[in-house]
Amino acid sequence: MKKNWWKIIAVVFVLYTIIAGFLLKVPAQPILHESIRNLYFHVPMWFSMMTILFVSLWNSIKYLSKSNIESDLLASQAAHTGMLVGALGLITGSIWARYTWGAWWVADTKLNGAAITMLIYLAYFVLRGSIDEEQKRARISAVYNIFAYVMLVVFLMIIPRMNDSLHPGNGGNPGFNKYDLDSNMRMVFYPAVTGWILFVVWIFTLRVRLEKVKRKIYLND
Amino acid sequence: MSTLKRFLILLVLAFCSGSMFAQAMQSATQAPVEMATGLYQSGKIYVVVAVVAIIFIGIVTYLILLDRKISKLEKEVQNK
């Protein structure tokens, strides 16, 4: 129990978000209406994706400096987990876009940037799958992973801010400025982000432990 | 670990106090926008909350079981 306290925090925070996210008052906004509550669920997906992919990047750098194969395992499992939440973020964003912007997908810098980021990471798995030799695979994919994270920052944070975008938080879009100041939403949003990040880290540790057991069995045989 | 715990508690407290301060400063001048007040009056929003909460609890239970299974597996592999 002692080392599992953070998993409990994750569950409690997300559960709190689900209950408070539906029931607490939110600012009344045209077009958005009640869908403003998606902020508590859609946005944390991207926050946790960036966090877990940063863990992946960190382990790739660690691999390059120490050449410990365990770092490579951590990096690849973190990237896998990141793709899970990234996919959820894309799908939920698409649904939200359909009922606020009127289309499942619009050619927007933020949306296309997110899609390109996912493709860049899919290429990471293709690269890994195409090299048999363990150390070589670890080294080449670690280098690629650093490039991938830089591209993520460029496509998700820099380019959308340099262009006009429908998506809030970019360009000259005032859509969410009101709730940028709304304290009611912050009281749910911050626990939501913390909770989901911890939750995703939990899934990541499960993946890592499973892979380690697999490796051990494999090496014993 | 304890520094991390302390940091987390500090973080939560900071958020709470910050939001209370901001609440006091909020102005209430806004054009009326149609919201789901009817849904709240009928009280059926709680049904949705219950459904989503149960789905989440289900997933968490699944993860806990998975966690335990992997722990067992780890012990087995170590004893080999």
Side-chain angles (χ1 to χ4, degrees), chain A residues 2-23 25-37 41 178 181-191 193-195 198-199 202-203 205-217 219-220, chain B residues 1-2 4-5 8-9 11-12 14-28 30-40 43-57 59-78 80:
Chain A
K2 212 178 167 192
K3 58 178 183 174
N4 285 336
W5 60 271
W6 59 275
K7 294 174 189 171
I8 297 167
I9 290 182
V11 172
V12 169
F13 272 28
V14 176
L15 213 53
Y16 160 75
T17 329
I18 288 169
I19 296 164
F22 277 111
L23 298 180
K25 251 182 101 73
V26 289
Q29 295 275 349
I31 301 169
L32 281 171
H33 301 272
E34 294 286 349
S35 86
I36 198 170
R37 294 176 194 278
F41 304 101
K178 272 234 169 75
L181 297 165
D182 189 82
S183 45
N184 268 330
M185 293 199 81
R186 278 181 197 199
M187 273 156 80
V188 182
F189 181 64
Y190 293 133
V193 169
T194 323
L198 290 174
F199 195 71
W202 184 12
I203 296 173
T205 57
L206 285 181
R207 288 193 71 109
V208 168
R209 285 163 64 195
L210 196 64
E211 280 304 306
K212 278 186 182 167
V213 170
K214 252 195 206 165
R215 260 185 81 81
K216 250 184 193 161
I217 293 171
L219 291 176
N220 281 349
Chain B
M1 226 25 126
S2 69
L4 184 65
K5 246 189 240 178
L8 274 175
I9 290 166
L11 213 64
V12 171
F15 288 152
C16 291
S17 62
S19 57
M20 273 164 196
F21 179 67
Q23 250 170 353
M25 290 180 43
Q26 216 176 19
S27 62
Q30 224 170 25
V33 174
E34 193 187 332
M35 299 297 266
T37 36
L39 202 66
Y40 284 98
K44 282 183 183 171
I45 187 69
Y46 292 102
V47 180
V48 184
V49 175
V51 167
V52 179
I54 282 171
I55 289 174
F56 182 68
I57 289 168
I59 292 170
V60 167
T61 317
Y62 177 78
L63 275 189
I64 290 169
L65 291 176
L66 205 65
D67 202 318
R68 279 195 191 155
K69 262 186 203 166
I70 293 172
S71 298
K72 226 186 257 173
L73 219 67
E74 279 171 341
K75 267 181 204 156
E76 257 174 57
V77 168
Q78 251 170 9
K80 238 185 192 176

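Order of the sequence lines sets the chain letters (A, B, ...), proteins ahead of strands, with each chain counted from 1. Here the structure is a predicted model, which is why all the values come from computation and not from measurement. Reckoned from all heavy atoms, side chains included, excluding hydrogens, waters and symmetry mates.
- Across A/W202 and B/V60, no two heavy atoms sit closer than the pair CH2-O, 4.2 Å.
- For the residue pair B/F56 and A/V11, the shortest heavy atom distance occurs at CE2-O, 3.8 Å.
- The structure places NZ of B/K69 at 12.0 Å from CG of A/L206, a figure rounded to the nearest 0.5 Å.
- A/R207 pairs by the salt bridge (Lys or Arg N to Asp or Glu O under 4.0 Å) definition with nothing, not counting sequence neighbours.
- In this structure, the portion of B/I59 lying under 4.5 Å from any heavy atom of chain A is its side chain and not its backbone.
- To the nearest 0.5 angstrom, B/D67 atom CG is 6.0 Å from A/N4 atom CG.
- For the set B/L66, B/L63, B/I57, B/V77, the count of heavy-atom pairs under 4.5 angstrom toward chain A peaks at B/L63.
- Of the listed residues (A/K7, A/R209, A/K216), the one with the most heavy-atom contacts under 4.5 Å to chain B is A/R209.
- With a 4.5 Å cut-off on non-hydrogen atoms, B/E76 does not touch chain A at all.
- Looking at A/K212, neither its backbone nor its side chain comes within 4.5 Å of chain B, counting heavy atoms on both sides.
- Among residues two or more places apart in sequence or in another chain, the salt bridge (Lys or Arg N to Asp or Glu O under 4.0 Å) test is passed with A/K214 by A/E211.
- Counted within 6.0 Å of CD1 on B/I64, heavy atoms from surrounding residues, nucleotides or ligands total more than 12; the atom is thus considered enclosed.
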